[in-house]
Amino acid sequence: MLSLTVHAQTRYEIKFIQDLFNSDLLIEDCKNKASQFVIISDDTVSALYAQRLKNILEQLGSPVHVATFPPGEHYKTRETKAKLEEVMLNARCTRDTYVIALGGGIVTDVAGFVAATYCRGVPVIYIPTTLLAMVDASIGGKTGVNVPQGKNLIGAFKQPHCVYIDVDFLTTLPTVEFNNGMVELIKHALIRDADLFAELERQTLSLQDKNQLEHMIYRSCEIKRDIVEIDPEEKNMRQLLNFGHTVGHVIESVSHYDIRHGEAVALGMLIECYFSQQLGYLVPKALARIKAVLATYHLPLALPDTIKQVSWLDYFKMDKKSLNSQVYSVILEDIGRPYIAGGKYAHLITPDLLAEAQNYS
Ligand code: ADP
Ligand code: ZN
């Protein structure tokens with residue numbers, strides 16, 4: 001079994017295991033650990049997998065509750081968090097309760113946030129069921145909810161107790177969601193690992209080859225792990241992980257989340273590559289290679305008109321990552337090689353360049 005150790009505030013393992021529910025791993029890891037379990041999931045994932053997980057955990061003899069909410073970014077709210085907390089309060093969950101997040105990034109973000117504040121913090125185990133959550137939410141400790149003013153504006157840092165990555169969950173994941181998750185994996189290659197990118201060019205990842213897929217997810221997690229460990233507080237290097245997100249978050253907000261996170265980040269990466277090119281760093285050939293890989297996963301390559309029509313600057317002002325309303329972006333020198341100057345990993349983008357990029361197509 002592949003396993004990756006993450007040293008965050010606490011040390012935890014990401015365990016790569018296929019067919020998790022037919023293994024004894026969960027039982028062994030959770031034995032005599034919790035007085036109650038609360039599985040937090042969305043309605044779709046819950047219908048597919050929650051009962052099996054509940055049956056497994058019930059073998060341990062502690063009560064197991066399932067608390068769900070409707071899928072989608074629109075339900076990643078403070079109201080949803082409050083409802084989940086009500087379930088836990090009514091079940092008289094105490095500090096020795098384990099929260100188990102079963103689902104995609106939305107579920108892990110909300111469940112992680114619930115776990116961060118319930119009784120001032122209870123352990124949370126992540127069982128990501130989307131590719132995006134496997135490569136992204138497993139590491140970094142970011143949890144939170146959206147508010148009308150913006151995405152993830154209310155949240156907390158919370159490290160999971162353990163993460164189980166089972167690629168078998170992806171067999172039920174719609175292809176469009178799989179492709180959405182590929183974006184973060186491609187992002188990790190672009191900011192840090194030219195070899196991984198070359199592998200992505202050689203081979204289109206799919207469930208046909210689960211071992212290869214698992215291996216690539218592992219490498220992607222390793223890249224994020226290394227960056228987060230060097231810069232846990234996002235003072236410098238961790239800004240690299242925002243590649244595609246500076247612009248991507250604005251695209252998501254403008255579209256009122258009609259555009260999926262991964263798709264918005266794919267467009268964001270292209271715009272940020274455009275900055276890189278206009279500033280004289282990235283050569284057009286590299287941008288063409290990036291577009292080709294994104295195209296393999298049917299990701300959008302041009303901005304929809306609705307996104308072009310509003311002023312991005314107004315949206316940037318609300319983004320918690322923009323300093324004094326100024327826009328900073330990761331700039332690539334080449335695939336796998338970000339431009340770093342004076343210890344800075346993100347660079348000022350002028351309003352003129354920003355306005356020019358809005359017409360990018
Ligand atoms: P992410 O933020 O990781 O992209 P979400 O939590 O928004 O993911 O999940 C994306 C969608 O996919 C949701 O509608 C969710 O219910 C659904 N989903 C998540 N995991 C699975 C799965 N393994 N099989 C089928 N549908 C899934
Ligand atoms: Zn992301």
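Positions are given from 1, in the same order as the sequence printed here. Just so it is clear, the structure is predicted and the values come from calculations on it, not from any experiment. Just follow the structure's listing: the first ligand is 1, and inside any ligand the first atom is 1. Just the heavy atoms: all of them, side chains too, but no hydrogens, waters or symmetry mates, feed the values below.
- For the residues L131, V176, D136, L173, the heavy atom positioned nearest atom 27 (C) of ligand 1 is part of L173.
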Walk me through whether Y345 and D231 qualify under side-chain contact (heavy atoms from CB on, under 4.5 Å). CA-CA 12 Å; Y345 290 79; D231 176 25; over 6 Å; no

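- Taking a 4.0 Å cut-off on heavy atoms, G103 fails to register as neighbouring ligand 1.
- Between the side chains of Q59 and N55, no donor-acceptor pair is found at a separation under 3.5 Å.
- Comparing heavy-atom distances from atom 10 (C) of ligand 1 across E177, K76, M134 singles out E177 as nearest.
- You'll find the ring centres of Y75 and F69 outside the 6.0 Å limit.
- Here I106 has heavy atoms under 4.0 Å from ligand 1 in both its backbone and its side chain.
- Inspection of the environment of the Zn ion (ligand 2) yields the following protein N, O or S atoms under 2.8 Å: E184 OE2, H245 NE2, H261 NE2.
- In this structure, I307 and S255 have side chains that are in contact, with non-hydrogen atoms separated by less than 4.5 Å.
- With hydrogens left out, the protein atom closest to atom 15 (C) of ligand 1 is D42 OD2, 3.2 Å, a heavy atom.
- Annotation: the span from I17 atom CD1 to E214 atom CD amounts to 9.0 Å, rounded to 0.5 Å.
- Counted within 6.0 Å of CD on Q309, heavy atoms from surrounding residues, nucleotides or ligands total more than 12; the atom is thus considered enclosed.
- Summary of contacts: the protein heavy atom closest to atom 26 (N) of ligand 1 is P174 CD, 3.9 Å.
- Taking any N or O of T129, backbone or side chain, at least one lies under 3.5 Å from an N or O belonging to ligand 1.
- Ligand 1 places these atoms under 4.0 Å from at least one heavy atom of L48: 24 (N), 25 (C).
- Among P71, P70, G105, G181, the residue whose heavy atom lies nearest to atom 1 (P) of ligand 1 is G105.
- Rounded to the nearest 0.5 Å, atoms CD1 (I40) and OG1 (T68) are 10.0 Å apart.
- Counted by atom type alone, H245 and E184 present one or more donor-acceptor pairs between their side chains at under 3.5 Å.
- T172 OG1, 2.7 Å is the protein heavy atom nearest to atom 24 (N) of ligand 1.
- Under 3.5 Å, the side chains of T130 and E177 contain no donor-acceptor pair of N or O atoms.
- The atoms of ligand 1 that sit less than 4.0 Å from any heavy atom of L132 are 1 (P), 2 (O), 3 (O), 4 (O).
- Annotation for ligand 1: atoms under 4.0 Å from non-hydrogen atoms of T44 are 16 (O).
- Between F169 and ligand 1, at least one pair of N/O atoms sits closer than 3.5 Å.
- Side-chain contact of Y49 with T172: a donor-acceptor pair under 3.5 Å is present, judged by distance alone.
- The protein non-hydrogen atom at the shortest distance from atom 9 (O) of ligand 1 is T130 CG2, 3.8 Å.
- When each atom of ligand 1 is checked for a heavy atom of N180 under 4.0 Å away, the hits are 4 (O).
- Between F21 and F169, the ring planes are perpendicular. Angles over 60° get that label, and only those under 30° would be called parallel.
- With sequence neighbours excluded, the residues that form a side chain to side chain contact (heavy atoms under 4.5 Å, CB included) with Q36 are P63, H65, A91, C93, T97.
- For the residue pair H161 / Y98, a side-chain donor-acceptor distance below 3.5 Å is found, with atom types taken as modelled.
- Ranking protein heavy atoms by distance to atom 18 (N) of ligand 1, first place goes to V45 CG2, 3.7 Å.
- Under 3.5 Å, the side chains of N179 and E263 contain no donor-acceptor pair of N or O atoms.
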